[in-house]
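Since the structure comes first, as structure tokens, the remarks are kept for the end.
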Amino acid sequence: MKPSLPQGTRDFSASTLRKRNFIFNTIKSTFELYGFEPLETPAVENTETLLGKYGDEGDKLIFKILNNGLDNPTKKETARADFETILEGRTNKGITERALRYDLTIPFARYVAMNQGQLTFPFKRYQMQPVWRADRPQKGRYREFYQCDADVAGSSSLLHETELALIYATVFEKLNVRVELKINNRKILTALATLCGGDDRMIPITIAIDKLDKIGLEKVKEELTTRGLNEEQVGLVESFISIKGSNEEKLHQLETMFSNIAIGLDGVNELRLILSTYENINQTTTPIIVDLSLARGLNYYTGSIFEVKAIGVQMGSIGGGGRYDNLTGLFGVNGIAGVGISFGVDRIYDVMEELNVFPENIQKGTSLLFFNTGQQEQQHILRIAQLLRSKNISCEIYHEAAKFDKQFKYAEKKSIPNIVIIGSKEIEAGTAVIKNLSSGIQKEVAQADLDKHF
RNA sequence: GAGGUUGUAGCUCAGUUGGUUAGAGCAUCUGAUUGUGGUUCAGAAGGUCGUGGGUUCGAGACCCAUCAUCCUCCCCA
């Protein structure tokens, strides 16, 4: 059979992995600087833990795992009946009891709900693991990709929003990626829905305005009309998303617009507080921008919402997050608020590759190669290599006494910067020949001092 | 779920209106080179042209199906 990879998945080789790890390490160390602690959850969750949390579209994109033992003859009739419900488009425990994790937030909520008695609140955790979506792959979209989440459970303090925004700014500055950090508040969108005829207008309105920068104002208005808004209501939405100016100017206009709607004013005040603390503290060059068309599809958000876009690259959002008032409510535990952000490592990688901003020094592998001149010498070299390794110098020995030509080419292909020759002559003299491959400079040193040269 | 793109050597790609034995560059291997590479030169190896049907005297090329791929929409990181 021909070897192949499932759609939307990738192998990562050494140079890619070093760059990816650079991103992971940057995010991880920043999370820890802010007091978040690590958590890992299984790749597989019970299907019912995940279903119904991401909307109808989301449910369709969850990878479900076929149960084992369906071919057991004694269970054949039950299996057949269960499968009928699958054909009707519903999931069934008898066929797919488990599913692959779709994001990290719901598993986190499940974990908090299960362990609420043991946790210290506010509970701050970070999690960097792959998630899977049965989506159609395309640019910046994979079926297996990593998310790096930091969430706080059990606190409604807006301090967390500010700190999470600072984490975004810090990480992207460390990665040398210029970004636009966009913020909005679901309460403002709720107020808009109220103005437009009721809370049930919330989802259609958010879905439509979220597409503003992609499809333009006219198409958004069309979509609002087909979703049942009348002319006056469409006009309201239009004047809402047309609000321009500085952050403060936008907030000011919103106050006028929602002067009679408490939840709207509430949202404006939250935004103002987060913005002022951020702007006071932030030492990076990343601006935070109020974007009223920012809506975010996931419907569990209830307060602040964030999104990060890279500047200068055509790519969907590389990070997003927000506040959800009742994180664990779906698991029967009420009263635990949450707020969190997520980094899309795979997209960040694509962006950094396109902008060519990875540092040079992260590709460091083996620092020297010992040439192999024969069995006898190999024994001697092995001892020296172990000594260097104990001093934290990475080295390898060419696996056979081949022509120098071959050994040189091996070193060059693996980008090993130095080669060391210890042949019979050198063993006798107690010396070693070091050659730097990029400069071509060669020197003879005492074997005992070898470690001092790397 | 809807629409489009592209599948030829390990990689990147040529291949004329259908016509002998399907090509190039890079990479690989061998030699020039018995302890000093990158350059150069000489040579070798590598393909059931994604798969299966069809049209034709003749198909890498045309038609149909199928699979894969990348991209767009939906939705999202």
Side-chain angles (χ1 to χ4, degrees), chain A residues 1-10 23 27 54-62 89 101-105 128-149 168 179 203 206-208 210-211 214-215 219 223 294-299 301 306-310 314-322 340-351 369 371-374 377 398 401-427 433-444:
Chain A
M1 73 171 265
K2 243 189 187 166
S4 66
L5 232 40
Q7 192 178 37
T9 65
R10 298 148 299 159
I23 302 174
I27 295 171
Y54 310 105
D56 290 344
E57 287 299 317
D59 281 358
K60 285 185 207 153
L61 300 180
I62 294 172
R101 167 196 324 125
Y102 177 90
D103 73 354
L104 301 179
T105 306
M128 313 202 298
Q129 289 190 276
V131 301
W132 294 268
R133 295 186 188 177
D135 213 341
R136 204 59 73 94
Q138 54 186 276
K139 191 183 180 193
R141 171 169 308 190
Y142 306 98
R143 288 187 144 185
E144 178 184 64
F145 62 97
Y146 272 75
Q147 291 192 330
C148 298
D149 281 26
Y168 268 140
V179 297
I203 290 175
T206 55
I207 289 175
D210 202 31
K211 298 178 191 163
K214 207 164 199 171
I215 61 176
K219 294 270 182 189
E223 180 155 347
L294 175 60
R296 304 217 32 94
L298 294 174
N299 37 30
Y301 291 123
F306 295 107
E307 193 163 288
V308 186
K309 279 219 73 171
Q314 187 72 29
M315 178 66 74
S317 66
I318 56 177
I341 56 171
S342 179
F343 289 83
V345 171
D346 304 78
R347 285 186 179 175
I348 294 171
Y349 177 93
D350 289 346
V351 165
L369 174 74
F371 272 22
N372 193 327
T373 55
E377 295 89 337
Y398 195 78
K403 286 191 207 169
F404 274 27
D405 176 64
K406 275 193 131 179
Q407 306 200 37
F408 268 119
K409 281 185 174 150
Y410 176 81
E412 198 180 328
K413 254 187 286 181
K414 284 194 69 175
S415 325
I416 299 174
N418 302 287
I419 61 106
V420 172
I421 302 171
I422 301 177
S424 50
K425 278 191 305 200
E426 287 82 5
I427 290 179
V433 173
I434 304 174
K435 181 165 184 172
N436 181 291
L437 290 191
S438 53
S439 66
I441 295 169
Q442 185 169 318
K443 57 186 170 185
E444 196 159 352

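So that the names make sense, note that chain A is the first sequence line, chain B the second, and so on, each numbered from 1.
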Let me know the distance between [atom1] of [X] and [atom2] of [N], rounded to the nearest Å.
{"X": "A/Tyr54", "N": "B/A77", "atom1": "OH", "atom2": "P", "answer": "11 Å"}
{"X": "A/Asp210", "N": "B/C74", "atom1": "CG", "atom2": "P", "answer": "10 Å"}
{"X": "A/Lys139", "N": "B/G4", "atom1": "NZ", "atom2": "C1'", "answer": "17 Å"}
{"X": "A/Lys409", "N": "B/A27", "atom1": "NZ", "atom2": "C1'", "answer": "12 Å"}

### Query
Going through the distances and angles, do A/Lys219 and A/Lys211 end up as a side-chain contact (heavy atoms from CB on, under 4.5 Å)?
CA-CA 9 Å; A/Lys219 294 270 182 189; A/Lys211 298 178 191 163; over 6 Å; no

Determine whether any donor atom in the side chain of [X] lies under 3.5 Å from an acceptor atom in the base of [N], or the reverse, and answer yes or no.
{"X": "A/Glu412", "N": "B/G37", "value": "yes"}
{"X": "A/Arg141", "N": "B/C75", "value": "yes"}
{"X": "A/Arg136", "N": "B/C76", "value": "no"}

Practice task
Return the stacking result for B/A77 and A/Phe145: yes when the ring centres lie under 5.5 Å apart and the planes under 30°, no otherwise.
Solution key: yes

Under 4.0 Å between a side-chain nitrogen and a carboxylate oxygen: does that hold for A/Lys60 and A/Asp56?
no

Item to complete: Give a yes/no on whether any side-chain N or O of A/Lys211 is located under 4.0 angstrom from OP1 or OP2 of B/C75.
Response: yes

Verdict with supporting geometry, A/Phe343 and A/Tyr146, ring-ring contact (aromatic ring centres under 6.0 Å, His included): CA-CA 8 Å; A/Phe343 289 83; A/Tyr146 272 75; over 10 Å; no

Note on RNA chain B: ranges paired as stems (three or more Watson-Crick/G-U pairs in a row, both atom distances under 3.5 Å) are B:1-4 with B:70-73, B:10-13 with B:23-26, B:28-32 with B:40-44, B:50-54 with B:62-66

